[in-house]
Amino acid sequence: MNTQELTPAIAPTARRSTPTTTLSAGQSGVSEPASTRGKTSIADVVVVKIAGIAAREIPGVHDMGGGLSRTLGAVRDRVPVGRPNIGRGIKVEVGERQTAIDVELVVEYGVPITDIARDVRENVIAAVERITGLEVVEVNVAVNDVHLPQDDEPGSLADTRVE
């Protein structure tokens with residue numbers, strides 16, 4: 001990721017485990033307009049979730065994340081109280097006004113990878129910029145695997161487990 005202009009501003013009230021970014025410094029005082037009194041902070045996890053949802057909306061995206069994170073995610077998804085991790089496969093670097101995003105994908109067989117990467121990039125940028133107001137400087141897309149049609153068939157190697 002290009003980190004030249006990405007300088008994080010950690011909000012003083014935020015815990016260190018939840019990095020946040022100050023989007024607007026704001027003003028104080030009763031003479032200022034109401035819309036500028038105070039500051040707005042956005043946690044990194046907010047950008048991760050928005051990017052994850054936007055990437056999954058693209059037809060041809062089968063799953064997100066690398067091999068280990070997908071394996072752990074599959075185990076988590078099978079646990080009755082487990083929730084799907086919407087941010088799996090997404091890494092972000094958030095600065096004061098800008099963000100850079102890395103996306104790891106598993107694509108469906110037969111769909112042009114360059115088209116999926118372009119569509120994911122466009123959708124992630126549009127969603128993050130619209131919802132957060134941050135400028136997205138780059139979205140790097142890494143395709144880690146291809147999902148084959150036979151992977152879903154019962155008795156395939158991908159579905160073997162002890163019962």
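The model shown is predicted, which means the values in this text are computed figures rather than measured ones.
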When you look at Val103 and Val139, which way does the side chain to side chain contact (heavy atoms under 4.5 Å, CB included) test go after all the steps? CA-CA 7 Å; Val103 180; Val139 175; 4.0 Å; yes
Using modelled atom types only, decide if a donor and an acceptor are shared between the side chain of Arg88 and the backbone of Gly65 within a distance under 3.5 Å. no
Here the gap from Ile58 atom CD1 to Arg118 atom CZ, rounded to the nearest 0.5 Å, amounts to 9.5 Å
Do Asn123 side-chain atoms and Ala54 backbone N/O form a donor-acceptor pair below 3.5 Å? yes
Could you pull out the closest heavy-atom pair between Tyr109 and Val146, with the gap in Å? CA-CG1, 3.6 Å
Quick check for you: to the nearest 0.5 Å, what is the distance between Ile116 atom CD1 and Arg121 atom CZ? 12.0 Å
Close side-chain approach of Glu57 and Ile53, heavy atoms under 4.5 Å: yes
For Met64 and Val106, run side chain to side chain contact (heavy atoms under 4.5 Å, CB included): C-alpha distance rounded to whole Å, both residues' side-chain angles, the deciding distance at 0.1 Å, then the answer. CA-CA 6 Å; Met64 307 274 297; Val106 177; over 6 Å; no
From Thr40 OG1 over to Ile42 CD1, what is the distance, rounded to the nearest 0.5 angstrom? 7.5 Å
Quick one: does His147's side chain get under 4.5 Å of Glu108's, heavy atoms only? yes
Heavy-atom donor-acceptor pair, Arg56 side chain to Ile86 backbone, under 3.5 Å: yes
For the atom pair CG (Asn144) and CG (Asp63), what is the distance rounded to the nearest 0.5 Å? 10.5 Å
So, the side chain of Glu138 versus the backbone of Ile101: is there a donor-acceptor pair under 3.5 Å, distance only? no
Ignoring hydrogens and angles, tell me if any N or O in the side chain of Thr99 forms a donor-acceptor pair with the backbone of Glu93 under 3.5 Å. yes
Dump the intermediate steps for salt bridge (Lys or Arg N to Asp or Glu O under 4.0 Å) on Glu104 and Lys91, then the final yes or no. CA-CA 9 Å; Glu104 293 182 342; Lys91 294 180 184 127; 3.8 Å; yes
Could you tell me whether the side chain of Val92 reaches within less than 4.5 Å of the side chain of Ile90, counting heavy atoms only? yes
Under 4.5 Å between any side-chain heavy atoms of Leu105 and Val141, yes or no? yes
